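What follows is one structure encoded as structure tokens, with my remarks underneath.
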Amino acid sequence: MDNRLLDFNKAVNNFNFEGAYIEAAPYGFGHINDTYAAVFKKPEGNTRRYILQRINHKVFKNPEALMGNIEAVTKHLSKKIAKAGGDPGRETLNLIPAKDNKSFYKDSRGNYWRAYIFIENARTYQVVEKPEHFYSSGKAFGRFQYLLSDFPAETLHETIPDFHNTIKRFNAFREAVHKDIMNRASGVRDEIEFAEKRADDTPILLDLLDKGGLPLRVTHNDTKFNNVMIDDKTGEGICVIDLDTVMPGLTLYDFGDSIRSGANPAEEDERDLSKVWMELTLFEHFSRGFLESAGSFLTPAELKYLPFSAKIMTFECGIRFLTDYLNGDTYFKIHREGHNLDRARTQFKMVADMEKKMEDMRKVIDKYIF
Ligand code: ADP
Ligand code: GN1
Ligand code: MG
């Protein structure tokens with residue numbers, strides 16, 4: 001048996017799952033953690049599923065503190081969802097405790113595991129198939145922010161320091177170009193030039209934050225479309241998932257990253273760039289949903305920078321993919337050669353298109369500000 005399977009089997013046996021273990025398979029399309037869906041048979045004969053995840057501890061250096069965040073955040077969300085008459089069993093993630101009652105299991109090889117109730121009759125999508133789903137995800141991410149608006153931000157551990165510090169991301173990119181350890185830079189001169197031309201955009205949000213022009217909130221920080229579960233029946237964004245990066249941050253990070261991922265009609269790694277653009281109708285769907293649930297408490301400066309946030313978050317993600325390509329693909333999971341480069345190219349294509357559509361995006365936002 002290989003080590004991965006051994007680790008997995010040990011993990012399955014170390015949580016308080018209900019029923020007898022039947023089988024499991026890798027699940028989902030996340031770039032960071034290893035996710036499995038595990039099936040159990042209950043004494044009455046019916047089955048139920050759980051999500052079991054191995055936390056990527058190369059990316060998240062302190063998994064125990066990270067799990068402390070998730071425990072506190074899900075507890076807070078549960079209480080508020082129940083108070084609002086919702087279903088906390090389905091509208092937030094629910095951790096299954098390990099056999100020693102901790103929220104994680106650490107195996108003998110140093111891997112950290114956690115388990116969640118599987119949210120049934122809902123799913124995630126890689127690409128927006130129905131525009132209303134994107135509206136729903138906007139509503140869900142806006143509500144997520146609203147529900148956490150009274151969470152004590154100072155108690156949160158910073159799971160990845162400077163996660164959305166675009167200046168530092170840009171410096172890391174320049175360093176990767178300079179070192180060029182894989183000898184790949186000469187093949188991506190156009191992409192490097194594209195990035196360099198936009199260096200002046202990188203400090204804009206951080207400068208505003210420093211000057212007190214934008215409020216620090218508790219934000220999700222990884223609001224891609226496949227991090228919200230869409231209910232099969234109602235089409236609602238029933239649950240925001242992937243809470244590893246919930247930290248103090250800017251609303252603009254969450255808004256911008258959602259547009260980056262969901263307003264692109266094509267896959268994030270599409271090679272045919274003629275299929276990639278920023279679809280304004282999708283932008284409108286998300287914006288309407290997001291502003292419906294968060295519009296009332298956003299400040300004028302936050303509202304003003306929503307269109308720019310889409311561009312800068314897409315740019316940041318593009319340089320992160322390009323940096324990882326130059327560094328030899330050590331951060332994001334890849335499934336083919338040049339995968340991170342393909343991803344960087346779609347992001348840059350989106351950026352270029354957004355630059356042409358800044359005014360249009362502004363007009364859309366203005367329609368939904370009351
Ligand atoms: P990563 O950090 O690697 O992106 P995620 O936490 O987003 O991992 O999980 C990967 C995928 O697993 C999600 O996109 C979703 O499809 C699925 N998933 C995660 N948690 C649950 C859950 N509680 N119920 C059902 N599916 C889930
Ligand atoms: C990663 O974990 P996942 O696949 O939801 C990444 C995000 C990127 C995204 C790009 C912790 O998200 O920051 O925007 O890939 N998460 C982390 O698809 O780095
Ligand atoms: Mg995810």
Side-chain angles (χ1 to χ4, degrees), residues 24-39 48-61 63 66-67 69-70 74 88-96 112-127 137 158-166 169 172 219-232 237-247 249 253-254 256-262 264 267-270 312-324 330-335 339-340 342-344 346-347 350:
Y27 196 78
F29 298 90
H31 294 340
I32 305 293
N33 297 309
D34 295 338
T35 305
Y36 301 86
V39 185
R48 71 174 293 180
R49 291 194 283 178
Y50 294 96
I51 285 284
L52 187 56
Q53 277 182 326
R54 189 178 74 89
I55 301 168
N56 183 332
H57 61 261
K58 242 174 82 183
V59 165
F60 300 106
K61 310 272 189 243
L66 177 153
M67 288 311 295
N69 283 2
I70 295 187
T74 52
R90 210 156 174 266
E91 292 172 33
T92 179
L93 286 173
N94 282 269
L95 285 162
I96 302 290
Y112 285 84
W113 298 81
R114 66 167 168 233
Y116 292 117
I117 292 178
F118 195 104
I119 300 165
E120 299 287 357
N121 306 313
R123 53 167 289 205
T124 55
Y125 297 82
Q126 293 305 104
V127 171
S137 83
E158 201 177 357
T159 58
I160 301 178
D162 296 314
F163 191 55
H164 285 310
N165 185 321
T166 316
R169 294 292 189 187
T219 48
H220 183 284
N221 297 306
D222 187 2
T223 50
K224 62 200 238 195
F225 184 57
N226 74 5
N227 283 332
V228 57
M229 308 270 321
I230 305 290
D231 188 284
D232 292 339
I238 195 76
C239 182
V240 169
I241 61 169
D242 203 345
L243 305 178
D244 296 326
T245 51
V246 175
M247 291 181 276
Y253 298 156
D254 285 3
D257 197 57
S258 278
I259 300 302
R260 172 194 82 72
S261 81
N264 171 10
E267 300 271 353
E268 185 178 72
D269 58 1
E270 175 59 59
I312 195 67
M313 294 308 291
T314 309
F315 181 65
E316 183 190 278
C317 195
I319 55 174
R320 288 176 65 198
F321 285 143
L322 189 55
T323 303
D324 202 31
T330 58
Y331 185 92
F332 297 104
K333 283 184 188 169
I334 58 161
H335 308 289
H339 208 165
N340 275 316
D342 294 339
R343 290 168 176 154
T346 61
Q347 302 309 292
M350 291 279 289

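Only a predicted model underlies this, so the values are computations on that prediction, with no experimental measurement involved. Read the numbers this way: they start at 1 and go in the same order the structure lists the ligands and their atoms.
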Atoms of ligand 2 less than 4.0 Å from F321 heavy atoms? 10 (C), 18 (O)

Give the atoms of ligand 1, by number and element, whose distance to some non-hydrogen atom of G30 is under 4.0 Å. 1 (P), 3 (O), 4 (O)

Examine all N, O or S atoms of N227, backbone included, and report whether one is under 2.8 Å from the Mg ion (ligand 3). yes

Any atom of ligand 1 sitting under 4.0 Å from a heavy atom of M229? yes

Give the residue, atom name and distance (to 0.1 Å) of the protein heavy atom nearest atom 13 (C) of ligand 1. I241 CD1, 3.5 Å

Pick one of side chain, backbone, both or neither for how I119 approaches ligand 1, counting any non-hydrogen atom pair under 4.0 Å. both

Protein residue, atom and distance nearest to atom 14 (O) of ligand 1, heavy-atom basis: N226 O, 3.1 Å

among protein heavy atoms, the one nearest atom 9 (C) of ligand 2 is K224 NZ, 3.7 Å

Tightest non-hydrogen contact, residues T223 and Y253, listed as OG1-O, 4.2 Å

Minimum-distance N/O/S atom that D242 presents toward the Mg ion (ligand 3): OD2

Quick one: does D222 get a heavy atom under 4.0 Å from ligand 2? yes

Provide the number and element of each atom of ligand 1 under 4.0 Å from a heavy atom of T124. 14 (O), 15 (C), 16 (O)

Tell me, which protein residue and heavy-atom name are nearest atom 10 (C) of ligand 1, and how many Å apart are they? T35 OG1, 3.7 Å

Of the backbone atoms (N, CA, C, O) and the side-chain heavy atoms from C-beta on, which set of N56 has a member under 4.0 Å from an atom of ligand 1: side chain, backbone, both, or neither? neither

Answer with side chain, backbone, both or neither: which part of N33 has a heavy atom less than 4.0 angstrom from an atom of ligand 2? neither

Step by step, would you call T314 with Q347 a side chain to side chain donor-acceptor pair (under 3.5 Å)? CA-CA 6 Å; T314 309; Q347 302 309 292; 5.0 Å; no

To check you understand the geometry: which heavy-atom pair defines the closest contact between Y331 and F163, and what is its length? OH-CE1, 4.2 Å

D242, any N or O under 3.5 Å of ligand 1 N or O: yes

Checking contacts here: is it the side chain or the backbone of R260 that comes within 4.0 Å of ligand 2, counting heavy atoms only? Could be both or neither. side chain

Output yes when the distance from some N or O of ligand 2 to some N or O of T245 is under 3.5 Å, and no in every other case. no

T346 and E270: side-chain donor and acceptor closer than 3.5 Å? no

Any N/O of I51 closer than 3.5 Å to an N/O of ligand 1? no

Is the closest heavy-atom distance from L243 to ligand 1 below 4.0 Å? no

May I ask you to identify, for N221, whether its side chain, its backbone, both or neither come under 4.0 Å of ligand 2 on a heavy-atom basis? neither

Could you check atom 17 (C) of ligand 2 against the protein and tell me its nearest heavy-atom contact, residue, atom and distance included? Y331 OH, 3.4 Å

Which atoms from ligand 2 have a heavy atom of N227 less than 4.0 Å away? 5 (O)

Heavy-atom pairs closer than 4.0 Å: do any link ligand 2 to the side chain of F225, the backbone, both, or neither? neither

Does only the side chain of N227 get under 4.0 Å from ligand 1, or the backbone, or both, or neither? Count heavy atoms. side chain

Does R114 qualify as a cation-pi partner of Y116, given the criterion of NZ or CZ under 6.0 Å from the six-membered ring centre and within 45 degrees of its axis? no

State whether the shortest distance between N or O atoms of Q53 and N or O atoms of ligand 1 falls below 3.5 angstrom. yes

About how many Å separate CZ of R260 and CZ of F315, when rounded to the nearest 0.5 Å? 14.0 Å

Verify whether one side chain among D244 and N33 offers a donor that lies under 3.5 Å from an acceptor in the other. yes

